[in-house]
Number of protein chains: 2
Amino acid sequence: MASAKPSTSGINPDRADHCRVVGAVLDRIGDKWTIMAVSVLTDGPARFTTIMREIGGVTHRMLTLTLRGLERDGLVTRTAYATVPPRVEYELTELGRTLTTTLIPLAHWSEANWQTIRAAQDQHDARSEPALAD
Amino acid sequence: MASAKPSTSGINPDRADHCRVVGAVLDRIGDKWTIMAVSVLTDGPARFTTIMREIGGVTHRMLTLTLRGLERDGLVTRTAYATVPPRVEYELTELGRTLTTTLIPLAHWSEANWQTIRAAQDQHDARSEPALAD
DNA sequence: CAGAATCCGGAACGATACTG
DNA sequence: CAGTATCGTTCCGGATTCTG
């Protein structure tokens, strides 16, 4: 399927193709709840409410949808124990674990440069909206 | 300002904090048009229409918004030449270039596993919606 | 050629309530 | 405790038009 194009500099061999794929994947795992859920699960299996509390600020519904999506993508497994108080555990699959590996550099970059970005935004905003300053 | 927490396994030192940051960054650069625009610019400076054609399927408006966002984040620079047919060039900043570096592993992962994900989705869908088969 | 402004349909998200 | 269903809102994204 993938043609045998030599990878020149990494991301831009034939942009049209690669961008689509990366875009498609990012479209799945790119939303913030997904990233956060995956991050929590990096630590090991966790129950629904545990994940919800760890993330904080996520609604019941959104976490459910997020986890269902991850399950569908084969990135996490869902294990329901038929106990009286229902208990469901989510865990990263092998594939999910390889993803977190890939995500780590991005996490580091985010942490390292997030303030720089913020600063750039402030500068830009200051230039664009001097009206707010009164 | 970041506390001197030892990074245990990479992404999960104190989830709440790190997830926020990564989530925030992903919220900015995570959408597909942004990723694609950055990918195109990895090749070097490019003009508006060039980027639009390279990406394909993006509307005038969305590309404008995307590029403005990137400019605001300090990831790309915008240079307008006051020629008769207006000509605007976009180029990655140094910060933008460090981001692409981080993105490369993710691109590889996407390429390597996108089919696996697709397959997992198909399996999952087949189990969930056997009704459509008729 | 590049961008701003406007309008509109649909998807995403949140809050709530009910089930097992 | 975990999940589903429904409803209302908000916001994103696309098509169009106009300007410099």
Side-chain angles (χ1 to χ4, degrees), chain A residues 19-20 23-37 40-41 45-73 76-91 124-125 127-131, chain B residues 19-20 23-24 26-37 40-41 45-73 76-91 124-125 127-129 131:
Chain A
C19 294
R20 302 282 165 176
V25 173
L26 264 264
D27 237 36
R28 287 260 116 260
I29 61 103
D31 66 294
K32 65 178 169 185
W33 297 139
T34 299
I35 296 290
M36 292 188 188
V40 171
L41 290 174
R47 296 168 59 177
F48 187 89
T49 20
T50 306
I51 302 173
M52 194 162 95
R53 293 190 56 212
E54 288 282 342
I55 291 181
V58 65
T59 62
H60 207 147
R61 190 180 114 95
M62 288 319 293
L63 185 55
T64 302
L65 291 177
T66 299
L67 290 171
R68 286 179 74 96
L70 285 170
E71 191 191 356
R72 193 175 96 103
D73 294 340
V76 308
T77 56
R78 194 189 95 113
T79 313
Y81 300 94
T83 59
V84 179
R87 169 221 184 92
V88 181
E89 282 210 342
Y90 292 90
E91 181 173 14
H124 188 89
D125 292 350
R127 263 181 249 118
S128 307
E129 303 187 52
Chain B
C19 295
R20 302 284 164 174
L26 264 263
D27 236 37
R28 286 260 117 262
I29 60 103
D31 66 294
K32 66 177 168 186
W33 297 138
T34 299
I35 296 289
M36 293 188 186
V40 171
L41 290 174
R47 297 167 59 177
F48 187 89
T49 20
T50 305
I51 301 173
M52 194 162 94
R53 292 191 55 210
E54 288 283 341
I55 291 181
V58 65
T59 61
H60 206 149
R61 189 178 114 97
M62 288 319 293
L63 185 55
T64 302
L65 291 177
T66 300
L67 290 171
R68 286 179 76 97
L70 285 170
E71 191 192 357
R72 193 175 96 103
D73 295 338
V76 308
T77 55
R78 194 188 95 111
T79 314
Y81 300 95
T83 59
V84 179
R87 169 224 186 91
V88 182
E89 281 210 343
Y90 292 90
E91 182 174 14
H124 188 89
D125 291 352
R127 261 181 251 119
S128 307
E129 303 187 54

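The sequence lines fix the lettering, A, B, ..., with proteins before strands; numbering per chain opens at 1.
- Computed from coordinates, the A:Met52 CE to D:dC1 C1' distance equals 10 Å when rounded to whole Å.
- Side-chain atoms of A:Val58 and A:Met52, non-hydrogen and from C-beta on, do get closer than 4.5 Å to each other.
- Heavy-atom distances to DNA chain C give each of A:Val58 and B:Thr50 a nearest nucleotide, and the one nearer the 5′ end belongs to B:Thr50.
- Atom CD in A:Glu89 sits roughly 13 Å away from atom C1' in D:dA2 (whole-Å rounding).
- Look at B:Arg68 and you'll find a side-chain N or O under 4.0 angstrom from OP1 or OP2 of C:dA4.
- Distance, B:Lys32 NZ to D:dG14 P: 7 Å, rounded to whole Å.
- Atom NE2 of A:His60 and atom P of D:dA5 are 13 Å apart (whole Å).
- One atom, CG of A:Leu70, and another, P of D:dG3, lie 13 Å apart when rounded to the nearest Å.
- At the heavy-atom level, B:Tyr90 lies under 4.0 Å from the strands shown only through sugar-phosphate atoms.
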Stepwise side chain to side chain contact (heavy atoms under 4.5 Å, CB included) test for B:Leu26 and A:Lys32: CA-CA 7 Å; B:Leu26 264 263; A:Lys32 65 178 169 185; over 6 Å; no
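- The side chain of B:Pro86 has C:dC1 as its nearest neighbour among D:dG3, C:dG3, C:dC1.
- Remark on the helix from C:dC1-D:dG20 to C:dG20-D:dC1: inter-end axis angle 40°, axes from five-pair C1' superpositions, rounded to 10°.
- Rounded to whole Å, atom C1' of D:dG3 lies 17 Å from atom CZ of A:Arg87.
- Closest approach of A:Thr66 and A:Trp33 over heavy atoms only: OG1-CB, 3.5 Å.
- At least one donor-acceptor pair closer than 3.5 Å links the side chain of A:Thr64 to the backbone N or O of A:His60.
- Within the 4.5 Å cutoff, no side-chain heavy atoms of B:Met36 are placed close to those of B:Ile51.
- Distance B:Trp33 CH2 to D:dG13 P: 9 Å, rounded to the nearest Å.
- Considering only heavy atoms from C-beta on, B:Thr77 comes within 4.5 Å of B:Glu91 through its side chain.
- Proximity of A:Leu67 to A:Phe48: side-chain heavy atoms (C-beta onward) are separated by under 4.5 Å at one or more points.
- Residue B:Leu63 contributes atom CG, which lies 13 Å from atom C1' of D:dG13 at whole-angstrom precision.
- Closest-nucleotide positions on DNA chain C for B:Arg78 and A:Thr59 were compared, and the one nearer the 5' end corresponds to B:Arg78.
- When distances run from any side-chain atom of B:Arg61 to the nucleotides D:dT4, D:dG13, C:dG3, the shortest one goes to D:dG13.
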